[in-house]
Amino acid sequence: MTAQVIDGKAIAARVRQRIGERVAELKAKGVTPGLAVVLVGDDPASRVYVGMKKKNCIELGMYSADHELPESTSEADLLALIGQLNADERVHGILVQLPLPSHIDSDKVLEAISPDKDADGFHPFNVGRLAIGKPTFQPCTPYGVMVMLDEIGYDLTGKEVVVVGRSNIVGKPVALMCLARHATVTICHSRTKDLAEVVRRADVVIAAVGKAEMVKGDWIKPGAVVIDVGINRVGEKKLVGDVEYAAAAERASAITPVPGGVGPMTIAMLLQNTLESAERKLRQ
Ligand SMILES: Nc1nc2c(c(=O)[nH]1)N[C@@H](CN(C=O)c1ccc(C(=O)N[C@@H](CCC(=O)O)C(=O)O)cc1)CN2
């Protein structure tokens, strides 16, 4: 079997196209959706992602407020900036790029963002809403995974989903989203016994563990859908996912590549969250 390659770049472009149309409608009603992105420090990858967010925002006609702060920024100063952004009427979504420098408590910062502007969906209020099946802001990467499954017309009802990884950013929320779509969900982690056997029974494998090619191709059930959330740098330039791609693609019915799979969806869904926030505000 040769798997269908799920093209995240193409799907993200379609999502952005639809967002652009809705932004134009909102602007005609006098509302310009606005996103504030806060970067602390000089992490090169974070700088690239923040640049992409800003570029996309402007291309879609959104208001973009960027705050690039030095590595030495104190937690108190960062919290004060978030307070200002919470009160800024032009801003409908706030995102603090992770990781933050080690002297700053990330949880404290994420909890300081108003739940009404939490474009990342990381605030405990929004996590709770997702857990009870009433999501408002949904975390961008898992939200992107759901859109990719929709785009290939995959119905999760009654399917066995195995999520490898239990992070708050991807593993746990994506499991909740699959559960909300009536899948039977197993979350695996570093202490799962016989991971290979658990993965072998999955109709859908979602790998989000951050370890290069840890999920082996021969663990994939023939015909399964493989969603690879990992982006691991190997050597100077090469990027690989959490799944052994070539071997998995021989067994899967559909698979996301790395790069060009889930990654591009993350930023598209951030813009989607900002748009939805502005639409909610207009309705209120
Ligand atoms: N506050 C947040 N911080 C971080 C998040 C997040 O969702 N919210 N996610 C990641 C970084 N990230 C967005 O912020 C992100 C990661 C990867 C991509 C992407 O398009 N990757 C490309 C490869 C790019 C490359 O060459 O490095 C791909 O997979 O094709 C976009 C956004 C951590 N921080």
Side-chain angles (χ1 to χ4, degrees), residues 5-13 15-16 35-57 64 66-69 78 81-82 85 93-101 104-113 117-123 126-127 130 137-148 165 167-174 177 206-210 212-213 226-243 245 255-274:
V5 178
I6 308 173
D7 183 345
K9 269 194 187 172
I11 298 173
V15 170
R16 285 197 302 273
L35 173 67
V37 177
V38 181
L39 172 67
V40 185
D42 284 318
D43 179 73
S46 291
R47 196 163 279 283
V48 170
Y49 299 141
V50 164
M52 286 157 75
K53 287 169 187 178
K54 181 178 180 181
K55 181 171 167 278
N56 281 195
C57 218
S64 164
D66 298 290
H67 297 267
E68 299 196 0
L69 309 176
L78 180 56
L81 171 62
I82 289 169
L85 296 172
I94 301 171
L95 174 134
V96 177
Q97 188 66 31
L98 299 176
L100 283 169
I104 297 177
D105 179 345
S106 301
D107 288 341
K108 203 167 173 184
V109 170
L110 297 178
E111 286 179 35
I113 296 171
K117 296 190 177 187
D118 175 28
D120 249 335
F122 294 161
H123 191 287
N126 287 312
V127 175
L130 180 65
F137 286 99
Q138 306 189 63
C140 304
T141 303
Y143 194 3
V145 169
M146 293 299 122
V147 171
M148 292 178 110
S167 70
N168 290 336
I169 291 179
V170 183
K172 286 179 199 161
V174 87
M177 289 177 194
I206 303 177
V209 75
E213 299 181 330
V226 178
I227 306 288
D228 192 348
V229 181
I231 303 173
N232 308 289
R233 211 160 284 276
V234 175
E236 274 290 291
K237 286 198 175 143
K238 196 177 171 209
L239 291 181
V240 298
D242 290 350
V243 179
Y245 181 83
I255 187 167
T256 61
V258 177
V262 177
M265 295 302 295
T266 298
I267 295 180
M269 301 323 295
L270 170 70
L271 301 166
Q272 174 80 24
N273 274 344
T274 305

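Everything quoted here is computed from the prediction, not taken from an experiment. Indexing begins at 1, ligand by ligand and atom by atom, following the structure's order.
- Partners of Asp66 according to the side chain to side chain donor-acceptor pair (under 3.5 Å) rule, which considers only residues two or more places apart in sequence or in another chain, are Ser64.
- With sequence neighbours left out, Asp43 forms a side chain to side chain contact (heavy atoms under 4.5 Å, CB included) with Ala45, Ser46.
- Residues meeting the salt bridge (charged side-chain N to carboxylate O under 4.0 Å, His left out) test with Arg47, sequence neighbours left out: Asp42, Glu68.
- Residues of the protein with a heavy atom under 4.0 Å from ligand 1 are Tyr49, Met52, Lys53, Leu95, Val96, Gln97, Leu98, Asp120, Phe122, Ile231, Arg233, Leu239, Pro259, Gly260, Gly263, Pro264, Thr266, Ile267, listed by chain and number.
- The closest donor-acceptor contact from the side chain of Asn232 to the backbone of Gly241 lies under 3.5 Å.
- Looking at Asn273, its side chain does come within 3.5 Å of a backbone N or O of Gln138 through a donor-acceptor pair.
- Using modelled atom types, one side-chain atom of Asp242 and one backbone atom of Gly210 make a donor-acceptor pair closer than 3.5 Å.
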